[in-house]
Engineer: 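First the structure, which I've put down as structure tokens, then a few questions once you've had a look.
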Number of protein chains: 2
Amino acid sequence: MIEQCTKYIKKKGLRLTKQRIKLVQEIAQMNQHFDVDLLISVMKKKKINISRATVYRTLPILQECGVIREVTQLDNKVYYENNYNKKHHDHMICLNCGRIIEFFDNDIERLQDKICAKSCFKPEKHRLIIYGLCEDCGGGKND
Amino acid sequence: MIEQCTKYIKKKGLRLTKQRIKLVQEIAQMNQHFDVDLLISVMKKKKINISRATVYRTLPILQECGVIREVTQLDNKVYYENNYNKKHHDHMICLNCGRIIEFFDNDIERLQDKICAKSCFKPEKHRLIIYGLCEDCGGGKND
DNA sequence: ATTTTTATTGAGAATGAATCTCAAATGCAA
DNA sequence: TTGCATTTGAGATTCATTCTCAATAAAAAT
Ligand SMILES: [Mn+2]
Ligand SMILES: [Mn+2]
Ligand SMILES: [Zn+2]
Ligand SMILES: [Zn+2]
């Protein structure tokens, strides 16, 4: 992940700063969805100095570079997830407890391509979120 | 649409105010996606007085009632669409011109239910947005 | 119709996420 | 090491949304 970012940053003529390196190192260890506040608090705990503005400025770079991906949760805030060495997937979100379930369905993906082709639309990315109740919150048994 | 809202408002023990009625009447005539600013400017043009706060307070009620539905566009702002007498559908959004294409694919919907069942997840609603290039912006011919 | 009760409204203040500003710091190439 | 453009940090700013609270008005009670 660090190498991929380093390469991207150099290719773009950007500078490999301490802050960017440290931030990527932190994100590489993240295995849940995260937002700016989480990154800042984690780094503060580890005594790594980085300003909020720099975090906000760096995340879009890492997204272009492809190592992270924007995800949506219940509120309308921006969250990210690690996209490095991880296959594409979509999400189910429990409206009761907030639990996030990741899933991938190849048939759904293929049908999306098919319906795009029908509209002469060239898909670049998509976002599918299913909201409902997870097993623990009453999903399983009902109906 | 007005009747559905009236019924819901009364059932909930809420009050049928001038502002709520006027707002629903406006929304009933909307045929594209809209946000708070659009509603306010349209109503101001028609000399209908309603405060920004009241619009913000009313929209969640109309959403619960089922006559409107929250949709996402490119920015992270909240938009709505009329959901009355309109079948469920999802969206393709052109990253170049912002054009919004509505689509519905029954197979995708069924596959969603299937994968939810597999996780014992009870779906209530979902949001599928495909981002890419529309026909006019280079979608059709490419690849 | 009048009064009483209580939800709703409007105007503006407050909040909170995200962006911007600009002087100081620093990466990097010469 | 020097020079220079990029980046950073701290705080100001923006912008959408929510909150506050006194005034208003809907609905119920009389
Ligand atoms: Mn995920
Ligand atoms: Mn639509
Ligand atoms: Zn749950
Ligand atoms: Zn387009």
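Letters A, B, ... are given to chains in the order of the sequence lines, protein chains preceding strands, and every chain is numbered from 1.
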Engineer: Could you list where the contact with chain A starts and ends along DNA chain C, reading 5' to 3', using a 4.0 Å heavy-atom cut-off?
Structural biologist: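 First-to-last contact on DNA chain C, by the 4.0 Å heavy-atom rule, is C:dA17 to C:dC28.
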Engineer: Please enumerate all residues that pass side chain to side chain contact (heavy atoms under 4.5 Å, CB included) together with B:Ile48, with sequence neighbours excluded.
Structural biologist: B:Lys22, B:Glu26, B:Met43, B:Lys46
Engineer: Working to the nearest 0.5 angstrom, can you tell me the gap between A:Tyr79 OH and A:Asp37 CG?
Structural biologist: 8.5 Å
Engineer: Need the bend value for the helix from C:dA1-D:dT30 to C:dA30-D:dT1: angle between end axes, 5 pairs each end, nearest 10°.
Structural biologist: 30°
Engineer: Applying side chain to side chain contact (heavy atoms under 4.5 Å, CB included), can you list everything that pairs with B:Tyr8, at least two apart in sequence or on another chain?
Structural biologist: B:Lys11, B:Lys12, B:Ile61, B:Glu64, B:Cys65
Engineer: Please name all residues satisfying side chain to side chain contact (heavy atoms under 4.5 Å, CB included) with A:Thr17, sequence neighbours left out, ordered by chain then number.
Structural biologist: A:Arg15, A:Gln19, A:Arg20
Engineer: Check side-chain hydrogen bond (donor to acceptor under 3.5 Å, both in side chains) between B:Asp35 and all other residues, then give those that pass, not counting sequence neighbours.
Structural biologist: B:Lys77
Engineer: Contacts to DNA chain D from residues 19-26 of chain A, heavy-atom cutoff under 4.0 Å, which residues?
Structural biologist: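 Those residues whose heavy atoms fall under 4.0 Å from DNA chain D, taken from residues 19-26 of chain A in numerical order, are A:Gln19, A:Arg20.
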Engineer: Calculate, to the nearest 0.5 Å, the distance between atoms CD and CE belonging to B:Glu81 and B:Met30 respectively.
Structural biologist: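 So the CD of B:Glu81 and the CE of B:Met30 are separated by 13.0 Å.
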Engineer: Which residue pairs satisfy the ring-ring contact (aromatic ring centres under 6.0 Å, His included) criterion with at least one member in residues 18-49 of chain A, sequence neighbours excluded?
Structural biologist: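 Found A:His33-A:His91.
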Engineer: Identify, with sequence neighbours excluded, every residue that meets side chain to side chain contact (heavy atoms under 4.5 Å, CB included) alongside B:Asn49.
Structural biologist: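 B:Asn49 satisfies side chain to side chain contact (heavy atoms under 4.5 Å, CB included) with no other residue.
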Engineer: What string of B, S and - do you get for nucleotides 15-30 of chain D, 5' to 3', if B is base contact, S is sugar-phosphate-only contact and - is no contact with any protein heavy atom under 4.0 Å?
Structural biologist: -SBBBB----BBS---
Engineer: Could you check which residues of residues 58-68 of chain B get a heavy atom under 4.0 Å from DNA chain D? Sort them by number, please.
Structural biologist: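 Contacts with DNA chain D under 4.0 Å: none.
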Engineer: Look up atom CD1 in B:Ile50 and atom CG in B:Leu39, then write down how far apart they are to the nearest 0.5 Å.
Structural biologist: 8.5 Å
Engineer: A:Arg69 and A:Lys125: side-chain contact (heavy atoms from CB on, under 4.5 Å), yes or no, with the steps?
Structural biologist: CA-CA 10 Å; A:Arg69 161 170 108 102; A:Lys125 59 180 178 179; over 6 Å; no
Engineer: Sequence neighbours left out, cut at 3.5 Å: what donor-acceptor pairs do the side chains of residues 103-111 of chain B make with other protein atoms?
Structural biologist:
from	atom 1	to	atom 2	distance (Å)
B:Asp105	OD1	B:Asp107	N	2.8
B:Asp105	OD1	B:Ile108	N	3.0
B:Asn106	OD1	B:Arg110	NH1	3.3
B:Asp107	OD1	B:Arg110	NH2	2.7
B:Glu109	OE2	B:His88	NE2	3.2
B:Glu109	OE2	B:His126	NE2	3.4

Engineer: Write down the atom of B:Met92, the atom of A:Ser119, and the distance for their closest heavy-atom approach.
Structural biologist: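 Scanning both residues completely, I find the closest heavy atoms to be CE-OG, 3.9 Å.
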Engineer: Could you tell me whether A:Lys86 atom NZ has more than 12 heavy atoms of other residues or ligands within 6.0 Å of it?
Structural biologist: yes
Engineer: At what distance, to the nearest 0.5 angstrom, does CD1 of A:Ile93 lie from CZ of A:Arg99?
Structural biologist: 12.5 Å
Engineer: Any chance you could measure B:Cys116, atom SG, to A:Leu133, atom CG, to the nearest 0.5 Å?
Structural biologist: 11.0 Å
